[in-house]
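Notes to accompany the following structure.
To find a chain, count down the sequence lines: A is the first, B the second, and so on, and within it residues start at 1.
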Amino acid sequence: MGYPYRKIEEKWQQFWEAHKTFRTPEKIDPGKPKFYVLDMYPYPSGAGLHVGHPEGYTATDIIARYKRMKGFNVLHPMGWDAFGLPAEQYAIETGTHPRITTERNIQRFREQLKKIGFSYDWERQVDTTDPHYYKWTQWIFLQLYQKGLAYLAEVPVNWCPALGTVLANEEVIDGKSERGGHPVFRRPMRQWMLKITAYAERLLEDLEMVEWPESTKEMQRNWIGRSEGAEVDFPLAGHPGEKIRVFTTRPDTLFGATYMVLSPEHELVDKITAPEYRDAVKRYQQEAARKSDLERTELQKKKTGVFTGGYAVNPATDQEIPVWAADYVLASYGTGAIMAVPGQDERDWEFAEVYNLLIIRTVQPPDDFTGKAYLGDGPAINSGFLNGLNVAEAKEKMIRRLEETGKGTRKVNYKLRDWLFSRQRYWGEPFPVLHAPDGSTMAVEESELPVELPEMEDFKPQPEADTVTEPQPPLSRAPESWKYVQREGAVYTREFNTMPQWAGSCWYYLRFIDPHNPEALVDREKERYWMPVDLYVGGAEHSVLHLLYARFWHKVLYDLGVVSTPEPFMKLVHQGMILGEMEYTLYLDGKGQPVSVEQVQSDNTHRQTGEKLSFRRLSEEEVEKEGEFFIWKANPQIRIEGRAYKMSKSRGNVINPDQIIEEYGADSLRLYEMFMGPLEQMKSWSMKGVEGVNRFLNRVWRLAADDYTGELLDTVTGSEPTREQLRHLHVMLKKVTEDIEALRFNTAISAMMIFVNEASKWPERPRAILEPFLQALHPFAPHLAEELWEKLGHRDTLAFQPWPEFNEEYIQAETTEVVIQINGKLRYKLELPVNLSEEETKAAALAAERVKELIGDGKIVKTIVIPNKLVNIVVR
RNA sequence: GCCGGAGUGGCGGAAUUGGCAGACGCGCCGGACUCAAAAUCCGGUUUGGGUGAUACCAAGUGUGGGUUCGAGUCCCACCUCCGGUACCA
């Protein structure tokens, strides 16, 4: 029959809302410890919630509810990352204003989240598109601007004139736009940049302070890409005073620099190119300009380049070396120019081979070395005063020599680039900046914030017929009254670009602390109390960008004294992706003949014939496992593909949380999402698994309530619990407590299942046992726990009941099973009183008849005893 | 290529510090209840021997080696899968 989850869940959701149970008051008891547990807030898409959202959200909700019971002041908020492209795209297609769409979607998301019973303080909800919110996003931008951390620059972008917009690298394929196949050009454009590079060192160093997944820290380190080396100047032959500056991590190899390469965009290319090479160089530059960054790297198997006809002087050898232009050198890294050392660099070697350039080894490779460029350590050769030194020593000595002679300097370089902060979109934060007639910029006064988005009806980007015309973002068509501003007699123009979606999410965790403050971004006292975020849970897809940008802004605010901690998020956890149900796929060729899966290539074509294959889904019954493979029962020669796929509309394997709540209840959804496996791990959905946890909740219900009437059972008594009952309870409480602390929710649930299986057998269920159990169950299945708690006669919510502490004393049983091993193999088990000494345990083991038998006439060489656990007798 | 992570029954997973491999859940098999079914309850379920049934024996945590009284866990080499990244000088 099942317990009446629908009625119960609705009742308690209304109760919590009516009583403002989860309100975190503005004035809190500062004597209590705090816990700030944060979810990555969602983009409220039109598709609504999917089952991935409640995974992390349930985990944080369990923690929030647990910490409240532990006596913490808990901050557990939710909000909306609501600026962004889909709403704007939808507006372009349907004419519906993005605000309408956004509000509708937020409404839907909030209802869905409430139906899962999350204990958010909804009065703290923030919405990045709310002018009261983005006022402060703009305010932070002003601080950046005033500190010189925001600047306008001409930077090369992927410009698609036909679409009238700048595309991200991944939106450009083969020089054409992903959507529509329009040509894309790299062109410089005047854009707002944020000087995140000024914080590179601190962003790198402070990763030490935070408790984050090692992989995420490592990704950030790689992204920042610190490398140590030197900048070296190479004078240009025939151009006195001119020089090419390069960055190198291997100054020790300077004697082996046999040529130089400039990136095609390098400013010296024109100057250095000899007249007879001018045409070829121009052509090469144009070709390179047409390729995106991705293409330059991915599509290119063979290196290309062009000789400029110019020469530079190697400062170590005083030899003249040729200068080339080639697109394997990136304009955006280092100085955009390199000294090429083919002997110790694979890329340079490859290039030198193509164009027959001189190769000189300056590090002696080992005798057995057979490769081309040698990157390892070894004594320097062909290197003058460095000869014989190993790489580290040679680097040091060369840098010192360069600095003494003024030919170079020690230098640390970062891969991290400044953050391109403008978008040619409507649905984003306007910049609080004015452009003066003379081309200078001026900040909008703080008192005039927010600069609101103007009302518009047409959000379309403006396509351009040519590649030269300056792009016109949607805001360039805003009403005149918005676009132009009078200041002291002059007419200023507003900025027509808007901020990227990341902007709002860089600081939302701060606004949750003080969401309605009109005077400040966040109140100083409140910030001091609540920050930093103690636990932050969200997807690994934000490992670099969101988390790096947010850390950057936080550090700027830290320097301004707005926040009190150098890092915003102390502990970070990524929930794993949830895949669809396991699917079994049989492949078929054109004649409908089955094809075994090892013949199928990843693009669904036949390995031998290349023919495109069709497929058929099989049910579990049609499939069998044989060894490592799944085979088709109907024809065991045929192997079947068995795997789970990412949920997607096109595959039709999307699970909708609403439907799970409808069929099994929110508590079942919560419990199942946590029971599937470790939080961080990728897992696949199983409807049968949902039924499993639903059965468990039904058993919980029947522990105390009549299955038909819902009345409290009279087997629930006030009697004194037995020692055995107390032991089961406290074993469970210990496991659940420790597992929640460590975010191991799957095993915590399993401990509760074991307890309930046991308790179901008891003819009487003492309240003194049931009540602590319900308290422990509450963070996981709050609706059911509240309902039974009430049935037991309590009038107050469970939410602030103290957490049931376990007592080791009850956990101790009187006897314990001790394992007897002979030579490390399990041979026998012995029931012994607990806490025997090593000697007593050993004596008891050797005294057992069976043990004597097993030893036979063997000689006991050694005995290892672990009290209460194991005796290993080594016999020869 | 490089960086990070993971490989355990039919499936999801457990084993927290080197000490009973497979907890818990799913599925499957058998039984009880029922006119019957659903629901529920009870028992079994790594594989291979062995037994009337226990007992018992052997093998077993991706592969091969090693350390140890004892290895899923530690060390070395390799294979596969997943995620990230890619001419960063």
Original post:
With rounding to whole Å, what would you report as the distance between B:rA15 and B:rU51 at their C1' atoms?
Top reply: 31 Å

Return the polar atom pairs (N/O with N/O) between nucleotides 64-68 of chain B and the protein under 3.5 Å, or none.
none

Original post:
A:Asn868 and A:Thr816: side-chain donor and acceptor closer than 3.5 Å?
Top reply: no

Original post:
Nearest-Å distance, NZ (A:Lys303) to C1' (B:rC87)?
Top reply: 5 Å

**OP:** Let me know the distance between OH of A:Tyr333 and P of B:rA89, rounded to the nearest Å.
**Re:** 4 Å

Original post:
Distance check: side-chain N/O of A:Arg695 vs OP1/OP2 of B:rG27, anything under 4.0 Å?
Top reply: yes

Subject >> Distance between C1' atoms of B:rA14 and B:rU8 (Å, rounded) >> reply: 10 Å

Subject >> Gap in Å between the two P atoms, one belonging to B:rC26 and one to B:rC79, rounded >> reply: 40 Å

Subject >> Nearest-angstrom distance, C1' atom, B:rC24 to B:rU45 >> reply: 15 Å

Original post:
Between B:rC69, B:rC24, B:rG27, which nucleotide gets closest to the side-chain atoms of A:Asn757?
Top reply: B:rC24

**OP:** Would you please confirm or rule out a distance under 4.0 Å between OP1 or OP2 of B:rC11 and any side-chain N or O of A:Arg643?
**Re:** no

Subject >> Touch class at under 4.0 angstrom, heavy-atom based, for A:Arg699 against every strand present >> reply: sugar-phosphate

Subject >> Distance-only polar pair, side chains of A:Thr362 and A:Gln344, donor-acceptor under 3.5 Å >> reply: yes

**OP:** Decide, for B:rG12, between syn and anti: a glycosidic angle within 90° of 0 counts as syn, anything else as anti.
**Re:** anti

**OP:** Using the ring-ring contact (aromatic ring centres under 6.0 Å, His included) rule, take A:Tyr672 and A:Trp685 through it: C-alpha gap first, then chi angles, then the decisive distance, then the call.
**Re:** CA-CA 9 Å; A:Tyr672 176 65; A:Trp685 190 266; 4.8 Å; yes

**OP:** Please identify each residue that fulfils side chain to side chain contact (heavy atoms under 4.5 Å, CB included) with A:Ile754, with sequence neighbours left out.
**Re:** A:Ser750

**OP:** Can you sort out which residues in residues 335-344 of chain A have a heavy atom within less than 4.0 Å of RNA chain B? Ascending by number, please.
**Re:** A:Ile338

**OP:** Pick base, sugar-phosphate or nothing for A:Glu214, based on heavy-atom distances below 4.0 Å to the nucleic acid.
**Re:** nothing

Original post:
Expressed in whole Å, how much space separates the C1' atoms belonging to B:rA55 and B:rG18?
Top reply: 31 Å

**OP:** With A:Lys303 as the cation and A:Tyr328 as the aromatic partner, state whether NZ or CZ is under 6.0 Å from the six-membered ring centre and within 45° of the axis.
**Re:** yes

**OP:** Kindly express the pairing pattern of RNA chain B in dot-bracket notation, using | wherever a base pairs with another strand and counting only Watson-Crick or G-U pairs under 3.5 Å.
**Re:** (((((((..(((......[....)))((((((.......))))))((((......))))..(((((..]....))))))))))))....

Original post:
What about A:Phe675 and A:Phe745, are their ring centers closer than 6.0 Å?
Top reply: no

Original post:
Roughly, in whole Å, what's the span from CD in A:Glu228 to P in B:rA89?
Top reply: 12 Å

**OP:** Write down the distance between CD (A:Glu581) and P (B:rG10), rounded to a whole number of angstrom.
**Re:** 20 Å

**OP:** Please state the C1' separation for the pair B:rC82 and B:rC28 - nearest whole angstrom.
**Re:** 30 Å

Original post:
So does A:Asp252 pair up with A:Lys395, basic N to acidic O under 4.0 Å?
Top reply: no

Original post:
Restricting to pairs with a member in residues 218-229 of chain A, which pass side-chain hydrogen bond (donor to acceptor under 3.5 Å, both in side chains), not counting sequence neighbours?
Top reply: A:Glu201-A:Arg226, A:Glu214-A:Arg221, A:Glu218-A:Arg221, A:Gln220-A:Arg551, A:Arg226-A:Glu228, A:Ser227-A:Tyr333

**OP:** Go along nucleotides 12-18 of chain B 5' to 3' and tag each nucleotide: B for a protein heavy atom under 4.0 Å from its base, S when only backbone or sugar atoms are that close, - otherwise.
**Re:** BSS-B--

Subject >> C1' spacing across the pair B:rC76 / B:rU68, given as an integer number of angstrom >> reply: 16 Å

Original post:
Given the C1' atoms of B:rG9 and B:rG5, what is the spacing between them in whole Å?
Top reply: 24 Å

Original post:
Should A:Lys217 and A:Glu208 count as an ion pair when the cut-off is N to O under 4.0 Å?
Top reply: no

